Each structure stands twice: as structure tokens, then as C-alpha cells.
Amino acid sequence: MFEIEKIRKQFPILKQKVNGKDLVYLDNGATVQKPEQVIDIINKMYSQYNSNIHRGVHYLSNKSTELYEGSRETIRKFINAGVTEEIIFTKGTTDAINLIAFSFGEKFINEGDEILIAETEHHSNIVPWQMLCKRKKAHIKVIPADENGELILSEYKKLLNKKTKLVAVAHVANSTGIINPIEEIIAEAHKSGAKVLIDGAQAVQHKKVDVQQLNCDFYVFSGHKMYAETGIGVLYGKKELLEEIPPYQGGGDMIKSVSFAKTEYADLPLKFEAGTSNYVGAISMGEAVNFINSIGKANLERHETELLKYAEEKLSLIDGLTIYGKSENKTSAISFLLHRIHFYDVGMILDKLGIAVRTGAHCAEPTMKHFGITGTVRASFAVYNTKEEIDILSEGILKAQKMLS
Amino acid sequence: MFEIEKIRKQFPILKQKVNGKDLVYLDNGATVQKPEQVIDIINKMYSQYNSNIHRGVHYLSNKSTELYEGSRETIRKFINAGVTEEIIFTKGTTDAINLIAFSFGEKFINEGDEILIAETEHHSNIVPWQMLCKRKKAHIKVIPADENGELILSEYKKLLNKKTKLVAVAHVANSTGIINPIEEIIAEAHKSGAKVLIDGAQAVQHKKVDVQQLNCDFYVFSGHKMYAETGIGVLYGKKELLEEIPPYQGGGDMIKSVSFAKTEYADLPLKFEAGTSNYVGAISMGEAVNFINSIGKANLERHETELLKYAEEKLSLIDGLTIYGKSENKTSAISFLLHRIHFYDVGMILDKLGIAVRTGAHCAEPTMKHFGITGTVRASFAVYNTKEEIDILSEGILKAQKMLS
Amino acid sequence: MTTEQIQNEIIDEFSVFDDWMDKYEYLIETGNTLAPYNEKNKTPSNLIQGCQSRVWLDAEYKDGKIYFTADSDAIITKGIIALLIRVWSEKTPDDVMNTDLFFIDKIGLRENLSPTRANGLVSMIKNMKAYATAFKAKYES
Amino acid sequence: MTTEQIQNEIIDEFSVFDDWMDKYEYLIETGNTLAPYNEKNKTPSNLIQGCQSRVWLDAEYKDGKIYFTADSDAIITKGIIALLIRVWSEKTPDDVMNTDLFFIDKIGLRENLSPTRANGLVSMIKNMKAYATAFKAKYES
Ligand SMILES: Cc1ncc(COP(=O)(O)O)c(C=O)c1O
Ligand SMILES: Cc1ncc(COP(=O)(O)O)c(C=O)c1O
């Protein structure tokens with residue numbers, strides 16, 4: 001049974017008043033709020049178990065290490081990776097993509113090689129590849145989107161060739177909520193001999209993800225967008241590949257032995273976890289998975305799909321409102337503009353009504369350019385949002401429209 | 001007035017029992033415990049103010065951003081940097097060193113160049129330079145230590161030459177607690193035209209640090225070792241230098257504009273903060289500085305010096321105990337071995353007595369090699385430790401010695 | 001009137017509003033009455049790129065006084081700009097350089113000066129002061 | 001005796017101790033009685049490098065049974081090794097492969113099998129099972 005009130009009660013921040021109004025938090029694409037059980041585990045870590053991991057022999061250190069490694073296993077199950085060594089903790093999605101851009105790049109990218117990314121990517125899945133290509137004299141090729149924001153697969157297939165070493169695509173585009181056809185993208189890339197990185201930052205919190213079934217080579221996501229702390233994320237990579245590519249950062253914990261003459265790197269996953277890992281963050285991520293599991297991914301997906309459909313219906317009724325990103329395959333986000341009204345002004349007025357939405361280019365300037373705009377208003381949903389909140393949003397938009405035109 | 005009992009009360013974890021004994025936490029070199037005010041601010045962030053920073057126009061986002069940027073200013077004052085843009089938030093010390101190894105390396109390190117590091121460095125201040133040197137065909141030169149673990153300045157001066165581009169040295173060596181003569185090291189390096197990175201991971205929590213007075217080019221440290229969260233750290237760099245070197249990671253927040261044709265990077269400090277920053281971690285770091293300031297660095301230093309002197313006296317009385325790292329200039333750590341007894345065994349027995357110490361090579365294998373050993377037992381202190389705890393440690397060592405010989 | 005007096009005048013005007021809606025409606029109105037900005041001056045060098053709204057700023061120095069003109073694509077931002085220009089136009093460089101801008105806070109629009117890079121206003125204020133400093137150096141020394 | 005019986009025997013022996021000191025003293029004693037390890041066999045390939053203590057492990061197959069020898073530089077680690085060898089020496093590959101190692105937990109020494117890389121014991125157990133698998137494949141198929 002999906003009991004929304006019970007779920008909402010678990011999020012202390014939702015009880016907040018903002019500008020005298022009940023908070024309506026619809027900026028979940030930027031970051032998701034945290035349930036009590038996640039806040040509690042952080043508290044508990046710092047009040048009872050905190051100690052640096054891996055290197056200690058004492059009780060607290062063992063305790064922290066056990067919880068940390070336990071969390072790794074929880075996350076392995078969450079995305080159904082084959083073995084725990086395939087789960088690398090990073091600072092977040094951006095960090096994970098940069099890691100691959102560097103390490104995969106050092107090993108496999110040479111002058112003239114090509115990397116394919118989609119036109120609708122987040123900057124974090126664009127800039128690291130640009131930097132890599134600049135360093136290696138390689139090239140970025142862009143998978144174009146159609147006027148609705150959907151990727152054009154026929155064009156994608158034409159772009160694939162022997163020089164294509166990597167395809168990096170979002171599972172869900174953050175600025176539109178469109179779910180990309182990654183199954184087909186992955187299969188095609190593999191046929192052509194390219195590896196695939198999937199940016200799951202906007203997907204894992206909304207959809208069931210099975211990396212073995214997807215057969216992607218890398219899958220990355222952030223804790224803070226899936227009910228966990230900021231400053232933590234995950235890189236999943238196929239074991240053989242992670243073993244082949246060199247480490248990214250050097251430091252404590254990622255080595256087997258160090259001397260000035262010769263340093264040997266540790267085995268997976270530690271090879272990619274230099275320095276003191278954000279173990280409290282990682283543990284909070286395991287707890288966030290527990291939270292999601294306690295609701296059930298299917299229930300969560302059903303609820304969020306309902307919300308999206310409802311929001312699409314409601315907002316379509318508003319005169320002069322254009323939705324950007326139209327597709328049957330969307331999840332949990334709706335991007336729009338009001339005719340002749342600046343998104344920033346709408347955001348400001350909504351804020352005054354206690355409604356938090358995101359405005360701007362959503363770190364996806366090429367997508368905005370594609371639509372011929374500079375930004376949108378984006379409402380994005382999490383498991384705790386309600387239809388009533390969408391009603392409030394819709395009334396708020398009408399009010400803003402009235403004030404601003 | 002320095003009231004130790006009042007201070008201890010602020011650390012919930014110190015009330016823990018471990019193996020039925022009162023916890024005696026002497027593993028502060030690995031990570032320091034957190035005072036209530038830091039735990040509270042984390043709580044408060046996730047229960048009241050949490051929202052992604054910089055990009056939002058709504059109330060919560062503004063609130064988070066204000067707190068985040070406020071923390072940057074607090075930290076600027078803490079180390080007396082000239083301007084806030086010189087404070088970059090990273091994942092930790094290791095991340096900060098890797099950032100410089102990459103970005104400074106891309107810009108300034110060429111084939112045949114030399115990087116000087118000390119023999120007594122932590123792996124995090126060795127491996128990134130080894131990786132850089134491998135990539136750029138540059139060379140590492142090692143500043144040797146004498147038999148007590150102190151750096152030999154006359155040898156250092158001989159190593160400096162025109163090819164020396166960077167000197168990377170710890171402010172305080174983590175395996176011995178020895179304070180390196182960084183003032184002189186910095187001055188000499190500059191005379192010879194080299195830049196200097198100081199690894200302050202073991203210093204900022206114990207000593208007053210004034211980066212302008214030191215005149216170092218880079219100074220790095222970790223939050224978790226100075227009473228703040230894990231997963232956060234700081235890179236201080238001189239503005240002109242940070243402006244000159246290229247960004248390290250690419251992604252959201254570090255850009256001014258992105259297109260497939262041309263991407264412009266943001267100004268400092270954001271240029272080096274790609275992706276969602278660990279803003280809660282950063283805010284906890286500001287609060288940790290408030291905690292330290294509430295005690296007063298001078299008081300803290302006095303207390304910790306007393307502890308160290310007391311521990312040195314006490315431990316010297318134990319037959320067959322050798323202290324590694326002897327110097328007049330030490331802070332907050334004491335490394336030792338018992339004759340013919342393995343450090344691991346000592347650590348295990350102490351753990352049973354509720355005493356948490358670190359054993360092993362302390363991520364400083366070259367230092368251990370220098371002393372002709374494979375590891376030590378290290379007791380390291382923070383502001384909340386007491387002489388009584390050192391008495392307990394000393395009794396514990398005697399007991400372990402008895403059991404193990 | 002001094003910059004302080006103008007600021008107090010604005011505070012007085014806003015004091016009659018007791019809810020945010022009235023304030024914002026007034027701000028929007030004010031934005032709509034902002035003197036038109038010469039489209040030709042929408043050059044890259046006059047552009048202050050916020051993440052969200054864009055601001056264009058230009059200034060001239062005549063007979064000891066500065067004449068600011070500005071624009072924004074967002075109307076709320078434009079409203080604040082209009083208020084800033086009211087405080088600072090036709091003032092001397094010294095007037096501008098020495099102003100303590102207190103009115104925005106007092107009229108309860110502080111959220112518009114957030115440390116985010118969102119609307120470019122913080123940079124705009126910095127740039128207005130920079131113009132004053134530059135004019136002073138150029139013409140008055 | 002089966003590996004299960006030996007484990008139960010060890011549990012019995014430890015059950016007389018009611019505090020950790022006695023347990024660890026017994027463990028240390030046990031470590032000191034471990035059959036000497038041939039120094040010549042302290043080769044890199046026999047070394048299991050923990051972060052903290054090092055473990056050397058060697059094994060031979062004779063007449064259907066495995067003979068393990070091992071050593072460590074830390075005496076507590078050596079004590080656990082001695083117990084493991086007592087359970088597994090002179091057992092068949094199948095015996096070793098199929099053992100459910102429950103005694104370490106039961107005698108309250110679980111902290112010695114922590115997931116840290118500290119003492120090499122977890123790897124050692126893995127390697128002992130790997131020897132069994134290898135011997136079985138080589139000699140029994
Ligand atoms: C001197 C020194 N440098 C670097 C580090 C690495 O710090 P972190 O693990 O927080 O990145 C440490 C701590 O382990 C240290 O003591
Ligand atoms: C699709 C997508 N990719 C990458 C990112 C970057 O994630 P983070 O900022 O957590 O590194 C985001 C979130 O902003 C995103 O939505």
C-alpha cells in the first residue's frame with residue numbers, strides 16, 4: 001500500500017513554511033529531500049560509530065568499515081551489478097564521469113577517435129568529454145534530438161563508426177524528463193565496438209535499473225538526487241574494464257604498496273577510491289536504498305507517473321503555456337514557458353507562493369539552444385509529491401501569469 | 001578558560017562504551033570526532049534548509065547558497081587567505097592534491113622537470129606526483145629525513161634547481177607528528193623559482209595557519225580531520241596561480257557557457273567546483289571553524305602541546321618502547337613500537353581495553369622504510385583528550401606488553 | 001536629493017504595501033517604466049550574464065555626473081534596476097562610490113540580491129560602482 | 001574428526017573463558033605453538049599482504065589430503081591461523097571446500113575477520129579454499 005501521508009511524514013523539511021506558505025518542493029531534479037531514516041543514520045554515524053575506514057584495527061574503525069562495505073553491497077543489489085567490486089564510490093555523477101573521461105581516456109582514446117554524446121546532455125556529461133577531446137585531439141559527435149527533444153536514433157546509427165570509442169548518454173534527460181532509448185543505444189554501440197556510459201543521475205531515483213540487463217559498460221549516479229547525502233555518488237563499471245583502465249586519483253587507500261621506486265595500485269574497488277572516502281555519505285546512500293525499497297520501486301514509479309500525467313493535463317489547460325520535451329517516455333519532470341514571460345520572473349513569483357521550482361537552462365544550454373530558448377521553468381517530482389501540490393503549482397502559474405503580463 | 005569537561009560534553013561519541021570500557025579515542029590523526037554543533041548543523045541542513053546551491057531562485061536554494069558561501073568566507077578567515085575566491089571546496093586533501101597535480105601539471109610541468117617531495121610524506125602527497133611525473137616524463141626528487149625523522153634542509157637546498165617546478169611538503173608529518181620547517185622550505189623554493197604546495201591535513205586542526213604569512217602557493221586540508229564532515233576539504237591557492245591553471249573536472253557550475261563549439265569556464269572559485277558541491281559538508285566545515293574559534297586556537301594548541309609532552313614522558317618510562325620521530329617541533333601525535341612485539345598485536349589488545357589507536361604504516365610506507373620498520377602504533381590527540389586518557393593508554397601498553405612477550 | 005534621501009523615499013513608498021504581492025506588482029510596474037535602453041548598446045561588453053536573467057548596463061559621464069542606462073530580459077530584475085538607477089543616475093562618481101545601499105534590504109527584496117549568480121544584479125551593482133571609480137580616475141584626477 | 005567436530009571442540013575450549021583477556025592469552029599461546037613454517041617458503045607468492053600483519057601460506061597435497069602450513073608476523077593473527085589449520089589440516093579438498101566456518105564468530109573473535117584489509121586473514125581463508133579447489137581439480141578429476 002502506497003500511503004502518501006505516511007511517506008511525507010518521513011521528510012522533516014516538508015513541514016517547513018516558506019514565505020508564510022506551506023513548502024511545495026518541486027525542485028527534485030536539482031536535489032531530493034531526505035527521509036528521517038537517512039538523517040538518522042548520518043546522526044548515528046557521527047554520534048556513535050564514526051571512525052576512518054579500512055585502515056584501523058579498533059572497534060569503531062571496524063564498525064565504520066562494515067557499514068561502508070555493507071552499503072556498497074546494498075547498492076550493488078539496487079542496480080543489480082554482478083559483483084561488489086564494480087561499485088565505486090565517488091563524489092557524485094560529475095566526479096564519476098570525470099573519472100571515466102580521464103581513466104578510460106588515458107587508456108583508450110587517441111588522436112582522431114570519436115566520442116558520441118546526445119544533444120540533450122547535462123553539462124556534466126558534455127564538458128568532461130570536451131576537455132578529454134582537447135587533450136587527446138579526439139572529437140565529439142552529437143546525437144541530435146528532434147523538435148520534441150527525443151533523440152533521433154537513425155541519426156545516431158549513422159554516427160557510429162570504427163572511430164567511435166565511447167557513447168555517453170543520459171538515461172533520463174534532466175531538462176525535459178525524457179527517457180532515452182538506452183537499450184537500443186547500448187546494443188548499437190556494442191555492435192559497432194564502442195563502450196557506453198549511461199548518466200543515471202535522473203533515473204535511479206525514479207526507475208528500476210538493472211545494469212546487467214542493460215549491459216552498459218558504465219553507469220553513474222548521485223546520492224543527493226536519490227534521498228541520500230550530498231558529496232557522494234556511484235560509478236558502476238564492468239569489472240574487466242575497470243581493471244584495464246588506470247587509476248584516476250592517487251593517494252591513501254588506493255595503493256597496495258608505495259615506494260619512490262615503484263608504487264602498486266590496489267585491486268578494485270579501492271583502486272578508484274583514493275583518500276578518505278566519504279564513508280558517511282556512502283552509508284547514507286545505502287540507507288536511501290533501504291528507504292526506496294521500503295516503498296517499492298514499482299509503487300514509487302506508479303505514483304510518479306501518475307503525478308506527471310496529472311501535471312501534464314493540468315498545465316496543458318493554461319493558455320500560453322508551452323511544454324518543452326514531449327514524449328510518451330518521460331519521468332518526473334515537466335519543463336515549460338509562459339508566452340512572453342521570462343522564466344526567472346515566474347520562478348520568483350512561485351517562490352513567494354512557497355513553491356520551489358527550478359528556472360534557467362538546467363545545466364543544459366545546448367538543449368535550450370535546440371529549442372531556441374534560454375531557459376525554462378521546471379517542476380520535477382519525487383515520491384513525496386501530491387496532486388494537491390500540482391494544483392497549487394497550476395494556480396501559482398496562473399497567478400504569476402496574471403501579475404506578469 | 002579552557003574547560004576540558006565542557007569540551008568533552010560536546011562530543012556525543014565520547015560517551016560510548018567500547019568493549020565494555022569507556023572509549024579512549026586516540027586515533028585523531030585518522031579522523032577527528034564531531035562536536036554537537038557540527039552534527040546539529042548537518043541535521044538542520046537536511047531538515048530545514050536543504051536545496052541545491054547556486055542555480056536556484058527559490059528560498060531554500062538561496063538559503064543553502066548563503067550558508068555555503070558564508071562558510072567559504074569563514075574558512076578564508078580561518079587561514080587568513082586574501083580573498084574568498086582563493087578558497088576552493090574539494091572532497092578532501094587527496095582530492096585537492098590531485099587537482100593541483102593535474103591542473104598545475106598540465107600548465108607547468110614538462111618533460112625533465114622536477115618535483116620535490118619529502119621522504120616523510122603521506123601517500124596522498126606522493127602518488128599523485130608519481131602519476132603526474134609518469135604522464136609528463138618529469139621526475140620526483142626526495143628531500144631526505146635524518147634518523148629522527150626531521151627533514152635535512154641542507155640536502156633540500158642542494159636539490160633545488162632550475163628544473164624544480166614544485167615543492168610539495170606536509171606541514172605536519174602524519175606518521176610522526178613532526179612539524180616541518182615550511183617557512184624556510186617555502187622561502188628557499190621561491191628563491192629558486194619553484195612553487196610550493198603545503199599539505200596541511202595534520203596541521204590546521206592543531207596550529208594557527210596564516211597562508212599569507214607563510215606565502216605558500218597552495219595549502220590543502222580535510223574537513224574530517226578538523227571536526228567537520230567526511231567528503232569535504234579545501235584547496236587554498238594564490239589567485240593569480242589558480243587563474244592561470246586549467247580546470248580539473250568539467251561539469252555543471254564550473255562553466256560560464258556551454259556549447260558544442262565553445263565552452264567558457266566560470267571564474268574562481270567555481271571554475272574548480274564542478275558538479276553539485278558537497279555544500280552540506282562545506283557548511284559543516286564552517287561550523288567546525290566556529291567550534292575551534294570558540295575554544296581559541298591558542299588554548300587548543302596549549303592543551304594539545306601539554307598532552308604531547310605528558311605522553312612523551314609517560315611512554316618514555318616504558319621499558320623497550322621506542323618512539324619514532326623525535327623532534328622539538330611536534331604536534332599531537334606519538335608513534336612507537338614495543339621491542340619484539342608487532343604493532344598489530346598491540347593495537348588489538350588496546351582495542352579490547354577501549355583504546356582506539358592506529359597501527360600500521362599510516363599511509364607513509366617510505367617513512368617506515370626510512371626507519372627500517374613496517375609500521376608503528378600511533379596515538380594522536382585532539383582537543384578533547386585528557387591526561388587521564390594518556391594514563392589509561394600507558395597502562396594499556398604495559399598490559400599488552402605483558403600479554404605479548 | 002542625496003542617494004540616502006532617495007533610498008529613504010523608496011522605502012517610504014514601499015512601506016504602504018503590506019504584502020509581497022503588492023510589492024512585486026509595484027516592482028513590475030516600476031520595471032515597465034524604466035527608460036528604454038538603446039538596443040544598439042546591447043553589446044557583449046555591456047552584458048552581465050547571470051545564470052538566469054541577463055542584464056545590460058551602460059553609463060556616460062557628463063558635467064561631473066554619471067548617467068546610467070540598463071535593461072534586463074526579466075521584468076522583476078528590471079524593476080530593481082529601475083530603483084537602482086533612480087538612486088544613482090545623475091550622481092557624481094563620489095556619490096556612487098560612497099553609497100551604502102540599504103534600501104533593497106529594507107523594502108524586503110533582499111532575495112533579489114542573493115549570492116547566487118542567478119540574476120546578475122550583484123554584478124550589476126559592482127559594475128555600477130566600477131564605472132564610478134573609472135570615471136573618477138579618468139575625469140576627476 | 002570432521003571439520004564441524006573440530007570447530008565445536010574449539011568452541012568448547014573457549015567456553016571456559018569468561019573474559020577477553022583469557023581468550024586472547026589462549027590465542028597467543030596457540031599462536032606460539034603453531035608448527036614452524038619453513039623460512040624458505042616465505043616467498044612473495046606465498047605472502048598475503050594485509051595492511052597490518054603479513055601472512056604466509058603454503059599447502060601440499062598428499063594421499064588425498066591437504067597439509068597447510070602458515071605463519072604471520074603478528075602473534076594474534078598467528079593464533080587464528082593455528083586454529084584454522086587445526087580445522088583444515090589433513091582434510092580432503094572437499095572437506096575444506098564445503099566447510100562452513102562458524103567457530104571464529106562463536107568464540108567471539110569475529111573482529112579478527114573484519115572486512116578491512118588489516119590482517120590478511122580473510123584473504124588467507126579464501127586462499128585456503130582456493131588451494132582445495134585447485135588440488136581437487138588437479139588430482140581428483
Ligand atoms: C599528512 C596527510 N596528508 C594527506 C592525507 C589525506 O587526507 P584525506 O584522506 O582526507 O584526503 C592525510 C590523512 O590521511 C594526512 O595525514
Ligand atoms: C542528467 C544529469 N547528469 C549529471 C548531473 C550532475 O550531477 P552532480 O551535480 O550530482 O554531479 C545532473 C544533476 O545536476 C543531472 O541531472
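Bear in mind the structure is a predicted one, so any value in this text is a computation, not a measurement. Note on naming: letters A, B, ... go to the chains in the order of the sequence lines (proteins, then strands), and numbering restarts at 1 for each one.
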>> Parallel, tilted or perpendicular: which one describes the rings of Tyr248(A) and Tyr248(B), with boundaries at 30° and 60°?
In response: parallel

> Are Tyr46(B) and Glu229(A) linked by a side-chain donor-acceptor pair shorter than 3.5 Å?
Replying inline: yes

> About how many Å separate NE2 of His224(B) and OG of Ser51(A), when rounded to the nearest 0.5 Å?
Replying inline: 11.0 Å

> Got Glu365(A) and Ile255(B) here, is their nearest side-chain heavy-atom distance under 4.5 Å?
Replying inline: yes

> Could you give the distance from CD1 (Ile42(A)) to CD1 (Ile39(B)), rounded to the nearest 0.5 Å?
Replying inline: 11.5 Å

> Within a strict 4.5 Å, meaning less than it, do heavy atoms of the Gln33(B) and Asn50(A) side chains meet?
Replying inline: yes

>> Please check this pair: side chain of Asn278(A) against backbone of Ile232(B), looking for a donor-acceptor N/O pair closer than 3.5 Å.
In response: no

> What are the two closest heavy atoms between Leu60(A) and Tyr25(B), and how far apart are they?
Replying inline: CD1-CD1, 4.1 Å

> Which bit of Pro246(B) is near chain A, if near means a heavy-atom gap under 4.5 Å: side chain, backbone, both or neither?
Replying inline: neither

> Do you know which of Val357(A), Asn125(A), Val280(A), Val142(A) has the most heavy-atom pairs under 4.5 Å to chain B?
Replying inline: Val142(A)

> When rounded to the nearest 0.5 angstrom, what is the spacing between NZ in Lys369(B) and OG in Ser257(A)?
Replying inline: 10.0 Å

>> Nearest 0.5 Å, please: how far is CZ in Phe102(B) from CZ in Arg135(A)?
In response: 4.0 Å

>> If I compare all heavy atoms of Pro366(A) with all of Ser259(B), which pair ends up nearest, and what's the gap?
In response: CG-CA, 4.5 Å

> Residue by residue, which of residues 348-356 of chain B have a heavy atom closer than 4.5 Å to a heavy atom belonging to chain A?
Replying inline: Met348(B), Asp351(B), Ala356(B)

> Of all heavy-atom pairs between Tyr49(B) and Ile13(A), which one has the smallest distance, and what is that distance?
Replying inline: N-CD1, 3.8 Å

> Can you say whether Gln130(A) sits under 4.5 Å from chain B via the side chain, the backbone, both, or neither, judging by heavy atoms?
Replying inline: side chain

> So which of Ile140(B), Asn43(B), Thr359(B) has the largest heavy-atom pair count under 4.5 angstrom toward chain A?
Replying inline: Asn43(B)

> Checking heavy atoms, do the side chain of Val38(B), its backbone, both or neither come under 4.5 Å from chain A?
Replying inline: neither

>> For Gln48(B), which atoms come within 4.5 Å of any heavy atom of chain A: side chain, backbone, both, or neither?
In response: both

> Any idea which of Gln16(B), Lys63(B), Gln249(B), Glu106(B) has the most non-hydrogen atom pairs under 4.5 angstrom with chain A?
Replying inline: Gln249(B)

> Given that the side chain runs from C-beta out, which part of Asp95(B) has a heavy atom under 4.5 Å from chain A: side chain, backbone, both or neither?
Replying inline: both

> Side chain, backbone, both or neither: which part of His362(B) has an atom under 4.5 Å from a heavy atom of chain A?
Replying inline: neither

> Just wondering, more than 12 heavy atoms not from Lys21(A) lying within 6.0 Å of its NZ?
Replying inline: yes

> Between Cys363(B), Ala364(B), Gly233(B), which has the largest tally of heavy atom pairs under 4.5 Å with chain A?
Replying inline: Cys363(B)

>> Does Lys15(A), at its NZ atom, have more than 12 non-hydrogen atoms belonging to other residues, nucleotides or ligands within less than 6.0 Å?
In response: yes

> What are the two closest non-hydrogen atoms of Arg358(A) and His58(B), and how far apart are they?
Replying inline: NH2-NE2, 3.9 Å

>> Under 4.5 Å from any heavy atom of chain B, what part of Val258(A) do you find: side chain, backbone, both or neither?
In response: both

> Which heavy-atom pair separates Ser124(B) from Gly252(A) by the least distance, and what is that distance?
Replying inline: OG-N, 3.0 Å

>> Tell me the closest heavy-atom pair linking Thr230(A) and Tyr279(B), and the distance in Å.
In response: CG2-CE2, 3.3 Å

> Side chains of Asp27(A) and Asn52(B): does their closest heavy-atom pair fall under 4.5 Å?
Replying inline: no

> Quick one: of Val32(A), Thr31(A), Val18(A), who has the most non-hydrogen atom pairs under 4.5 Å with chain B?
Replying inline: Thr31(A)

> So which part of Ile117(B) gets closer than 4.5 Å to some heavy atom of chain A, the side chain, the backbone, both or neither?
Replying inline: side chain

> Between Thr276(B) and Thr94(A), is any pair of side-chain heavy atoms under 4.5 Å apart?
Replying inline: no

>> Are the side chains of Leu23(B) and Tyr59(A) in contact, using a 4.5 Å heavy-atom criterion?
In response: no

